[in-house]
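To start, the structure itself, in structure tokens.
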Amino acid sequence: MAKLTEWKPEDAQTWRAGGSRVAWRNLTCSVPSLLCAFSVWMFWSILTAKMKDAGFPFTDAQLFTIVGIAGLAGATLRIPSSFLVALAGGRNVVGITTALLIAPALGAGVALQDRSTPFATFAALAVLSGVGGGNFSSSMSNITGFFPKRLAGLALGLNAGIGNLGVSVMQFLVPVVMAGALFGGLAGAPHLTAAGKALYIQNGALVWVPLLVIFTAASWFGMNNLPAHDSEPTGAAVGRILALQGVGLAVSGVGAWILVKNPALPLGLQLGLVLLVVALCLGAMKLFPGKVKASLDRQFAIFRMKHNWVMTVLYIMTFGSFIGYSASFPLLIKIVFKKDPSAYAFLGPLLGSLIRPVGGWLSDKLRGSVVTQWSTAIQIAGALLVAHYVKAAVAAPDPSVHFAAFMASFMLLFLGSGIGNGSTFQMVPFIFEPQFAGPVLGWTGAAAAYGSFIIPTVFKSQIKPGAVTVENALYGFAAFYVLCLALNWWYYVRKDAEVRC
């Protein structure tokens, strides 16, 4: 039976009598689906770098635009995804949204077989891949209901941490599968690089299709809807999922269309596009009648709370940096150092993902605000060091002499952001009353995901033919981190940990 008739995870006897088995089964099905969701959302970070080798006729700015569009869509889709589980059931949501990712994976695999594929096609596929970014919000919302409070931190940490690993797994796996005819003649002919090497770039997208089919089936047949979720009849629940996903995709499509049609759009207007997309998405969702509107009205109370906005800024600093740098790292290696990013790009996201639970654990021991303060200082140092070595590499006759120092500095950035991801999430339950903690986590997660659009967009503005000034972007990020350091100290470090709104 897909829907549980009764669920009391806090009851010890029920938990021992089979509840534990049900909860862990649902988590076991959820984790690989979320990992694949992150992989498909972020696979453009590697595909765009390889598109240069394969001879696709796009500029560096256009390739960064593809990465940015995927980030914009993924962040936007987190907004409706935050409300999907209560409205349609966790099993239904995970199964359907995992299945939806087959479209961008298969579509990109076909499009990458032909160098004459229009840029607009890749932009549209990047929008579709944003479903994977949105899945984080619905997945976390679902898993939290299956476990007692004493195990919720572990369960959410496993779901989020292994899900985030999808970025690193993708950046390691995609270059490997491009080396040979993984699907035989079904995937078409390889591209030839300038050195005459065969490159099956399409495999980097197609490899996810069979995995998504497997995990869709596992989610649909192996997961449950909780009694509190409005999951029946199934057809109506699926309709609500597709309707809310459609809103996110349509609004993201508007943003992508503006970027594609206005390639010379000033940086300030590109960043302002985020506010437009958020406003359009929330406005469109408010037009839904009945349960969706009632749910939104309850959640919108957080927007009147000062600390919601402070924590939004802090989580943009941590997760926004993690996901934005993950998206940009491979192209930066390619453009600044002229190196194949395959052997290096996965290391940063891997470090950031693995260190996230450590940030939460340290916060339990030392207080989240204190750990956030130190992780912010690490990010400031990392950004300034990366800026220094990028500037030195661009000016050097042989940029590779600075590559090791660049890598070490970037690892510092991923270290700080990963620790901060764990510490900021730990702070929220101490700052907000229980009925507001969940909505705040959902909102801050959605807002921070826009880092996957903002950071590539800012980097893109500093890369022009004959002039690479990426260090300016990093100076700006460091200044933002200093602001966050001051905000965290003023509102949390210097006061009692339990600030109530």
Side-chain angles (χ1 to χ4, degrees), residues 42-54 59-61 63-64 67 167-176 178-179 193-195 197 199 201 204 321-355 378-418 451-452 455-456 458-478 481:
M42 287 283 106
F43 67 14
W44 296 106
S45 66
I46 291 292
L47 295 180
T48 51
K50 293 296 185 179
M51 286 166 74
K52 288 178 67 69
D53 294 334
T59 65
D60 291 339
L63 295 175
F64 265 112
V67 175
V167 181
S168 186
V169 169
M170 176 277 300
Q171 291 182 339
F172 176 80
L173 178 62
V174 165
V176 173
M178 289 180 181
T193 67
K197 182 180 178 181
L199 183 65
I201 187 173
S321 294
F322 168 80
I323 202 66
Y325 292 138
S326 296
S328 308
F329 194 33
L331 267 177
L332 284 179
I333 293 172
K334 186 73 177 177
I335 292 168
V336 175
F337 294 94
K338 308 297 188 288
K339 285 182 175 288
D340 182 352
S342 304
Y344 312 101
F346 74 95
L347 294 172
L350 177 65
L351 176 61
S353 298
L354 292 178
I355 204 68
I378 292 173
Q379 287 189 237
I380 294 169
L384 293 175
L385 286 169
V386 172
H388 171 76
Y389 289 114
V390 164
K391 184 176 182 180
V394 170
D398 180 11
S400 65
V401 300
H402 299 288
F403 184 68
F406 164 84
M407 284 293 298
S409 302
F410 231 121
M411 293 306 104
L412 202 61
L413 265 178
F414 278 109
L415 177 72
S417 63
S452 58
I455 288 180
V458 174
F459 279 140
K460 179 182 70 175
S461 72
Q462 300 300 315
I463 298 174
K464 297 179 176 63
V468 177
T469 55
V470 173
E471 68 275 8
N472 292 336
L474 289 155
Y475 293 144
F477 298 147
Y481 300 154

**OP:** For F459 and I335, run side-chain contact (heavy atoms from CB on, under 4.5 Å): C-alpha distance rounded to whole Å, both residues' side-chain angles, the deciding distance at 0.1 Å, then the answer.
**Re:** CA-CA 11 Å; F459 279 140; I335 292 168; over 6 Å; no

**OP:** Please step through side-chain contact (heavy atoms from CB on, under 4.5 Å) for the pair L384 and L474, ending with a clear verdict.
**Re:** CA-CA 7 Å; L384 293 175; L474 289 155; over 6 Å; no

Subject >> From CA spacing to verdict: side-chain contact (heavy atoms from CB on, under 4.5 Å), L47, M170 >> reply: CA-CA 10 Å; L47 295 180; M170 176 277 300; over 6 Å; no

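The OG atom of S409 sits 12.5 Å away from atom CZ of F414, with the distance rounded to the nearest 0.5 Å. Atom-to-atom distance recorded for N472:CG and K391:NZ is 8.0 Å, nearest 0.5 angstrom. Note that CD1 of I333 is 11.0 Å distant from OG of S328, once rounded to the nearest 0.5 Å. Atom-to-atom distance recorded for Y475:OH and Q462:CD is 11.5 Å, nearest 0.5 angstrom.
Residues I46 and V174 come closest through the heavy atom pair CG2-CG1, 3.5 Å. Between V458 and A473, the shortest heavy-atom distance links the atoms CG1-CB, 3.5 Å. Heavy-atom minimum distance, A478 versus I380: O-CG1, 4.2 Å. Of all the heavy atoms in G451 and I323, the pair that sits closest is C-CG2, 4.2 Å. Taking each heavy atom of G382 and L413 in turn, the nearest pair found is C-CG, 3.8 Å. Looking at every heavy atom in both residues, S326 comes nearest to V167 through CB-CG1, 3.8 Å.
Exactly one residue among F337, F410, F329, F403 makes a ring pair (Phe, Tyr, Trp, His ring centres under 6.0 Å) with Y344. That residue is F403. Across K50, K334, K52, a single residue satisfies salt bridge (Lys or Arg N to Asp or Glu O under 4.0 Å) together with D340, and that is K50.
Taking the ring centroids of F172 and F346, they lie under the 6.0 Å cut-off.
The backbone N or O of M42 lies less than 3.5 Å from no partner atom in the side chain of Q171, so there is not a single donor-acceptor pair.
With sequence neighbours excluded, the residues forming a side chain to side chain donor-acceptor pair (under 3.5 Å) with Y325 are Y481, listed by chain and number.
The existence of a salt bridge linking K460 and D60 is excluded, since no basic side-chain nitrogen approaches an acidic carboxylate oxygen closer than 4.0 Å.
For the pair K338/P399, no side-chain contact is recorded, criterion being any heavy-atom separation below 4.5 Å from C-beta on.
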